[in-house]
Colleague: 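Let me begin by handing over the structure; questions about it come next.
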Amino acid sequence: MVKRGLLIGRYQPFHYGHLYVVKQVLSEVDELIIGVGSAQVSHTLENPFTAGERILMISKALVEEGIPSSCYLIIPIPDIWNNALWVSHVCALTPPFHVVYTGNPLAHRLFKEAGFDVRAPPPYDRAKFSGTEVRKRMLEGGDWKSLVPPAVAKVIEEIGGVERLKDISKSDKLSYLEPRSSPP
Ligand code: NAP
């Protein structure tokens, strides 16, 4: 039987830490589903990139790394406003999987309660490689490119990602730019 894993994250943006985790998890499973979480959210300080842009970053980075495309699927997963139904929602959008890797405590809890084998992603240098740090350096004019694979930096440059983040940060109504905790 094919052993298929689900790795879920927001990938805002996809950085070297995520790439390390993908490679480690691929050594444990035959096929990997990379779930792009909060797929409906973009253009906020925490979530600047669209699901399509994040899928492009991940696919280009994995091609650049020489990882065969037959090993993985990248699937956008929008949030829903009902945690008790979230695991069913994820399962409805993805092929069957046997093991879940997540760094999000709520996602960990929900999959565990649903009876899945849930594992923490393999550790990497989180102090250095984090989405928060990449976005911070983008805003402050720091060296963000050294934290992401070259293919990701290229996508971010092509879409004007740094300028987008800087424009978003100029708003004085930041609370309205973050995801809602309930539907409109
Ligand atoms: P998060 O809570 O933002 O991230 C948790 C931590 O794990 C961060 O430090 C993050 O680092 C790290 N991380 C994320 N992806 C990783 C990966 N693949 N490997 C290693 N570390 C990783 O949440 P998230 O894990 O990025 O995403 C969970 C998704 O599940 C979110 O989109 C959330 O909305 C969704 N969710 C939805 C519901 C619902 O709709 N009801 C319920 C539960 C969860 P970085 O910041 O560097 O990525």
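Counting convention: from 1, in listed order, for ligands and their atoms alike.
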Colleague: As a check for students: among G37, P123, G9, identify the option with a heavy atom nearest to atom 27 (O) of ligand 1.
Modeller: G9
Colleague: Parallel, tilted or perpendicular: which describes the rings of F111 and W86, with under 30° parallel and over 60° perpendicular?
Modeller: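 Correct class here is perpendicular.
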Colleague: Does some non-hydrogen atom of Y11 fall short of 4.0 Å from ligand 1?
Modeller: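 In this structure, Y11 qualifies as a contact of ligand 1 - some heavy atom is under 4.0 Å.
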Colleague: Heavy atoms only: which of I77, D79, T102 is nearest to atom 35 (C) of ligand 1?
Modeller: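 It is D79 whose heavy atom sits nearest to atom 35 (C) of ligand 1.
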Colleague: Look at ligand 1 and say whether Y124 reaches it with a heavy atom at a distance under 4.0 Å.
Modeller: yes
Colleague: Please list the nearest protein heavy atom to atom 36 (N) of ligand 1 with its residue and the distance rounded to 0.1 Å.
Modeller: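 Residue, atom and distance for the closest contact: W86 CZ2, 3.4 Å.
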Colleague: Using distance alone, with no hydrogens and no angle criterion, decide if D79 and S38 have a side-chain donor and acceptor under 3.5 Å apart.
Modeller: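 Side chains of D79 and S38: pair found under 3.5 Å.
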Colleague: In terms of residue, atom name and distance, what is the protein heavy atom nearest to atom 32 (O) of ligand 1?
Modeller: S38 OG, 2.7 Å
Colleague: Are any of the N/O atoms on T132, whether in the backbone or the side chain, positioned under 3.5 angstrom from an N/O atom of ligand 1?
Modeller: no
Colleague: Quick one: does atom 10 (C) of ligand 1 have a protein heavy atom under 4.0 Å from it?
Modeller: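 So atom 10 (C) of ligand 1 lacks protein heavy-atom neighbours under 4.0 Å.
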Colleague: Check each atom of ligand 1 against the heavy atoms of V21 and keep those under 4.0 Å away; list them by number with element.
Modeller: 19 (N), 20 (C)
Colleague: Please name the pair of heavy atoms, one in V36 and one in R54, separated by the smallest distance, quoted to 0.1 Å.
Modeller: CG1-NH1, 3.5 Å
Colleague: Protein heavy atom under 4.0 angstrom of atom 4 (O) of ligand 1, is there one?
Modeller: no
Colleague: Taking all non-hydrogen atoms of both residues, which atom of V41 and which atom of Q12 are closest, and how far apart?
Modeller: O-NE2, 4.1 Å
Colleague: Please compare R126, E133, R10 and report which has the shortest non-hydrogen distance to atom 12 (C) of ligand 1.
Modeller: R126
Colleague: Nearest non-hydrogen contact with atom 48 (O) of ligand 1 belongs to which option: R109, H15, H18?
Modeller: H18
Colleague: Give a yes or no on whether Y11 and M138 share a hydrophobic cluster (residues Ile, Leu, Val, Met, Phe, Trp, Tyr; joining criterion: side-chain heavy atoms under 4.5 Å apart).
Modeller: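 Shared cluster, yes.
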Colleague: Considering non-hydrogen atoms only, spot the tightest contact between P150 and Y16 and give its length.
Modeller: CD-OH, 3.4 Å
Colleague: Using the rule that Ile, Leu, Val, Met, Phe, Trp and Tyr join whenever any side-chain heavy atoms are under 4.5 Å apart, tell me whether I34 and L26 fall into a single cluster.
Modeller: yes
Colleague: Just need the protein heavy atom nearest to atom 41 (N) of ligand 1, so name the residue and atom and give the distance.
Modeller: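 Heavy-atom neighbour on the protein nearest atom 41 (N) of ligand 1: N83 OD1, 2.7 Å.
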Colleague: Is the distance between the ring centroids of F129 and Y20 under 6.0 Å?
Modeller: no
Colleague: Can you find an N/O atom of L7 closer than 3.5 Å to an N/O atom of ligand 1?
Modeller: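 Not met; the criterion fails.
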Colleague: Taking C-beta and beyond as the side chain, do E46 and R135 meet within less than 4.5 Å on heavy atoms?
Modeller: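 When only atoms from C-beta onward are counted, R135 and E46 do touch, with a gap below 4.5 Å.
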Colleague: Less than 3.5 Å apart, any donor N or O on the side chain of Q24 or Y124 sitting next to an acceptor on the other?
Modeller: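 Side-chain D/A pair, Q24 to Y124: absent.
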Colleague: For atom 46 (O) of ligand 1, state which one of P78, P121, P13, G131 supplies the nearest heavy atom.
Modeller: G131
